[in-house]
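Report on the structure given below.
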Amino acid sequence: MTAANPREALDAETLDAFRTDRSYLGADHRRNERRTRVVAAICVLSLALQVAGGLAFNSMALLAGGLHMAGHVAALVVAAGAYGLARRFAADPRFAFGTGKIGYLAAFANAVVLGVTAVVVLAESVERIAAPHEVGYHAALPLAGASLAINLLCAWLLRPAPRAHDHDEFGDLNLNVAHLHLTADAAVAVLAILGLGAGELLGWTWADPAAGLLGALLIAQFALTLMRRAGGVLLDMNPSPALASEIRRRMQEAGGRVLDLHLWRLGPGHHAVILVVAGDGAGSPQDYRARLAGLPGLSHVTIEVRPKGV
């Protein structure tokens, strides 16, 4: 391949290879979207029943349970909306690298909400440890049990698909955050049942707020982990040092010297890489790209080959 000047040679030796559909949605996008909507509907029904019961029977416990479920409904609506928007605009040319990151944006927002929930529960638990409130243990236990059952059902429905995104450590983070909202609440419900049981059977008035305190710390840990993961994707942090190392190794085996390498995540199960390789004149961009064949999750590859002296 020849050109009139080095700049033209540089342009000629550049390969920008896209997926033909330029879609970087997760393999289980439609499944996860459907299940998120079903779980949102279940939570809306539970919310309506608890609020209606609270108003009908003047039960603050039922009203509080309904308001707590409203947080789950909001998180699920955000998650389902992200799935819908990502699918609707997947082919929109205004999105240079597709819409796969919309789910991560929703995941970050929901992780923040989860963190705020942890702070509210923590503050309330500390206040009740300092100044214990009278608790209706007998009436609260069935409510905690019903909450646990609903959360376990919804968490089961939102479980990730088997072997989905084996090559992506985090998978569909939008689904994971929605799933964790319900899983964390199920864990808190278990702690609540233990605390209420200890209060009713043993007279330990501190057990209920202590269970709330432990639950808040658990939720906070979940929220921080998810914010780090979603934030890392949104800020284009290297998602897999192992994959970057493997790309570099394959380029070196092909006789190229990697001058620059940028790897980032485009969506669940999809990664992009931009490479600048110094070649000895024998390899073309197509040759180097062929060396990357078979790397799972590498959906967008841009290779620039710099001949000697350029």
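The analysis underlying the following values was restricted to heavy atoms, covering all of them including side chains, and did not include hydrogens, waters or symmetry mates.
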R249: partners by side-chain hydrogen bond (donor to acceptor under 3.5 Å, both in side chains), with sequence neighbours left out: E246, E253
Straight-line distance of I102 CD1 to L85 CG, nearest 0.5 Å: 5.5 Å
Rounded distance [0.5 Å steps], NE2 in H179 versus CG in N32: 11.0 Å
Pairs meeting criterion salt bridge (Lys or Arg N to Asp or Glu O under 4.0 Å) with involvement of residues 212-226, two or more places apart: none
CZ (R159) with more than 12 external heavy atoms under 6.0 Å: yes
Backbone N/O of N174 and side chain of Y83: donor-acceptor pair under 3.5 Å: no
Donor-acceptor pair, side chain of R250 and main chain of A293, under 3.5 angstrom: yes
Atom pair CG/CE of L292 and M251 - distance to nearest 0.5 Å: 4.0 Å
Selection residues 145-156 - residue pairs positive for salt bridge (Lys or Arg N to Asp or Glu O under 4.0 Å), sequence neighbours left out: none
Donor-acceptor side-chain pairing of D172 and Y104 below 3.5 angstrom: no
Under 3.5 Å donor-acceptor, S245 side chain and P241 backbone: no
Side chain R265, main chain H271, donor-acceptor under 3.5 Å: no
Where P239 and W264 come nearest, the two heavy atoms and their spacing: CD-CA, 3.7 Å
